[in-house]
> 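Here you go, one structure.
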Amino acid sequence: MQEFDLFVIGAGSGGVRCARIAAQNGANVAIVERQHWGGTCVNLGCVPKKLMVYASEMGQSLKDAPSYGWDVHINGHDWAHFIEAKDKEIARLNGVYVSLLKRAGVTSFTGNARLKAGNIIEITPSPLEPDAPTLTVKAKKIVLATGSTPVRLDIPGAEHALVSDDVFSLKERPQHIAIIGSGYIGLEFASIFNNLGSDVELVYRQNLPLRGFDTDLREHMHALIDMKGIVQHVETTPKKIEKTDAGLELTLSTGKVLKVDAVLMATGRRPAIDELGLEEAGIETDKGAVKTDSSFATSVPSIYAIGDITNQYNLTPTAIAEGHLLAEALFNPQGRDWSFETTPKAVFFSPPMASVGLTEQEAVKQHDLEIYSSQFTPMAQTLPGRPGKIFMKLIVDARSGVLLGAHMIGPDAPEIIQMLAIAVTASLTKAELDRTLSLHPTSAEEFVTMRTPDRKVPRAKASTSSGEAP
């Protein structure tokens with residue numbers, strides 16, 4: 001039986017970083033992956049989705065081109081050609097991840113990993129290598145980094161629906177699609193299919209999309225969704241899906257029946273723990289996620305967990321940071337630190353939305369606030385006369401002037417907010433933004449030229465019944 005200092009289960013972004021850093025610090029490291037080297041982000045998430053966003057936005061650029069003097073003829077989008085090109089790029093990235101591990105001296109296994117008592121891991125054949133033998137290995141320390149998997153609603157006919165993993169391998173683009181859910185995944189795919197020419201119906205149970213984001217951004221996004229021609233069915237839930245000769249029929253709680261070519265359930269993800277043997281290993285879970293302490297340790301001292309399997313941040317950069325921190329903590333402590341509380345977030349709708357720091361609803365529970373905001377038409381849209389305004393918002397502590405949050409919807413929002421994340425993480429003040437000269441003409445300059453607050457918001461009073469802010 002082979003024995004390792006560290007064995008990582010799951011070769012996604014977090015697992016690969018953890019394995020590489022541990023190996024670079026002298027540990028004898030192995031990693032196992034069931035099917036997708038690079039994990040969800042590289043294969044069934046961030047990367048292919050962003051390529052889809054680029055593909056979908058090319059059409060709008062072509063439509064705008066005549067207003068700038070270009071003689072353009074649009075003959076439609078070739079979905080099959082795009083999927084083939086996307087698959088080639090993902091295959092290349094798979095190879096990059098495998099190569100990175102090899103160069104770092106990490107031993108790689110392909111298969112399904114299951115924990116056994118005594119820090120033993122059983123590796124059985126997976127779809128990538130179905131004829132491989134079953135192996136057992138032992139490790140002094142084990143890291144669980146298997147990520148998450150899409151959630152399918154428990155309604156009649158759910159088996160007829162797609163989940164996000166399925167979209168990346170569709171042979172044809174559905175002409176009419178219903179998307180259930182208004183989080184990151186739902187909105188991004190709604191925008192992608194809409195831009196490519198599909199009729200899109202967006203079904204969600206809230207009155208506004210993107211629960212958890214700042215309310216002003218949610219309201220602005222709601223208006224943009226309407227402007228794009230995506231039909232919103234708000235405060236509505238799906239009841240059943242039926243397959244017919246013509247396609248699918250989705251019955252809603254309102255009684256309306258949507259006749260579509262496809263239904264996509266973008267209803268969240270859950271930690272991928274089902275086949276890990278957590279109970280046998282004695283690892284505690286909480287609401288379907290692996291419980292960890294601040295050092296990523298599980299209830300078993302020699303076993304750790306990072307990334308989406310813990311259901312805390314559920315973002316690629318946070319998983320990578322967790323993997324890096326854990327590897328160094330185990331094999332070469334550096335005192336390195338990341339500010340997880342100010343992790344920037346983006347929704348790659350068209351136009352995209354991005355945020356960093358506190359929302360107004362979060363900030364007002366602890367601070368007196370000054371709120372700055374601005375709306376304007378991007379210069380690129382003026383000649384073609386395309387509607388849709390940029391929205392920007394700054395949330396400032398009224399007493400200290402410290403920047404608590406920055407939010408934006410509009411072209412290049414993720415790129416701009418990434419830089420403002422430095423200011424929020426460093427607790428810079430609004431005065432320091434004000435003394436920064438603008439780069440003209442850009443959209444980003446608006447963040448350093450907003451001088452007068454729209455409103456001042458006093459800190460919310462604690463509820464007398466529960467002691468919590470309303």
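Index from 1, following the sequence.
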> Between D261 and H176 (side chain of the first, backbone of the second, donor and acceptor by atom type, cut-off under 3.5 Å), is there such a pair?
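Yes, the answer is positive, given that a donor and an acceptor are paired below the 3.5 Å cut-off.
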> Looking only at the side chains, is there a donor atom on one of S350 and E57 sitting less than 3.5 Å from an acceptor on the other?
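Yes - a donor-acceptor pair under 3.5 Å links their side chains.
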> Answer yes or no: is there a donor N or O on one side and an acceptor on the other, between the side chain of N119 and the main chain of I142, under 3.5 Å?
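It does not hold such a pair.
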> Do K86 and E89 meet the salt-bridge criterion of a basic N to acidic O distance under 4.0 Å?
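A salt bridge is absent here (no side-chain N lies under 4.0 Å from a carboxylate O).
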> I'd like to know whether R205 forms a side chain to side chain contact (heavy atoms under 4.5 Å, CB included) with T236, so could you lay out the CA-CA distance, the side-chain angles of the two residues, the decisive distance to 0.1 Å, and finally the verdict.
CA-CA 5 Å; R205 60 186 178 182; T236 302; over 6 Å; no
> Any chance the rings of Y184 and F213 have centres within less than 6.0 Å?
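Yes, they do, as the ring centres are separated by less than 6.0 Å.
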> Under 3.5 Å, is there a donor on one side chain and an acceptor on the other for R34 and S126?
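Not at all, the side chains of R34 and S126 share no donor-acceptor pair under 3.5 Å.
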> Counting only N and O atoms by type, is there a donor-acceptor contact under 3.5 Å from the side chain of D412 to the main-chain atoms of E415?
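Absent.
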> Any sub-3.5 Å donor-acceptor pair from E322's side-chain atoms to G307's backbone N or O?
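Present.
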> Does the S182 side chain pair with the main chain of P209, one donor and one acceptor, at a distance under 3.5 Å?
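No, because the side chain of S182 does not come within donor-acceptor range (under 3.5 Å) of the backbone of P209.
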> Less than 4.0 angstrom from a charged side-chain N to a carboxylate O is my criterion; do E188 and K49 meet it?
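Here E188 pairs with K49 in a salt bridge, since their nearest N and O are under 4.0 Å apart.
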> Hey, is the main chain of V151 close enough, under 3.5 Å, to the side chain of T267 for a donor-acceptor pair?
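Yes; judged by distance alone, with no hydrogens or angles, the pair exists.
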> Within the 4.5 Å heavy-atom criterion, are F7 and V143 side-chain neighbours or not?
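They are not in contact (no side-chain heavy atoms under 4.5 Å apart), so the answer is no.
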> What's the shortest heavy-atom distance between A113 and V32, and which atoms?
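For A113 versus V32, the nearest heavy atoms are CB-CG1, 3.6 Å.
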> Is it true that atom CD of E279 has more than 12 heavy atoms of other residues, nucleotides or ligands lying nearer than 6.0 Å?
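Incorrect, the count does not exceed 12.
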> Strictly by modelled atom types, are S400 and D397 linked by a side-chain donor-acceptor pair under 3.5 Å?
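Looking only at side-chain atoms, D397 and S400 do form a donor-acceptor pair, the distance falling under 3.5 Å.
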> Is it true that the side chains of T359 and D214 contain a donor and an acceptor less than 3.5 Å apart?
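Judged by distance alone, the side chains do not pair up.
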> Drop me the distance from E328's CD to Q24's CD, to the nearest 0.5 angstrom.
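Interatomic distance, E328 CD to Q24 CD, rounded to 0.5 Å: 9.5 Å.
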> Within the distance-only criterion (no hydrogens, no angle test), does the side chain of Q334 pair as donor or acceptor with the backbone N or O of R336 below 3.5 angstrom?
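Side chain of Q334 to backbone of R336, a donor-acceptor pair under 3.5 Å: no, none is there.
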> Using only heavy-atom distances, determine whether the side chains of Q232 and Y204 contain a donor-acceptor pair under 3.5 Å.
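A pair is found: one side chain offers a donor N or O, the other an acceptor, under 3.5 Å apart.
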> Side chain of R152, backbone of A161: donor and acceptor closer than 3.5 Å?
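Yes, R152 side chain to A161 backbone: donor-acceptor pair under 3.5 Å.
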> Is a donor on one side and an acceptor on the other found under 3.5 Å between the side chain of N25 and the backbone of A22?
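Absent.
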> For S299, does its backbone N or O pair with a side-chain atom of E284 as donor and acceptor, under 3.5 Å?
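Looks like no, no N/O pair under 3.5 Å.
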> Can you see which heavy atom on F193 is nearest to which on P174, and at what distance?
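Heavy-atom minimum between the residues: CE2-CD, 3.8 Å.
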> Does CD in Q206 sit with more than 12 non-hydrogen atoms of other residues, nucleotides or ligands closer than 6.0 Å?
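Counting neighbours around CD of Q206, more than 12 heavy atoms of other residues, nucleotides or ligands fall under 6.0 Å, so yes.
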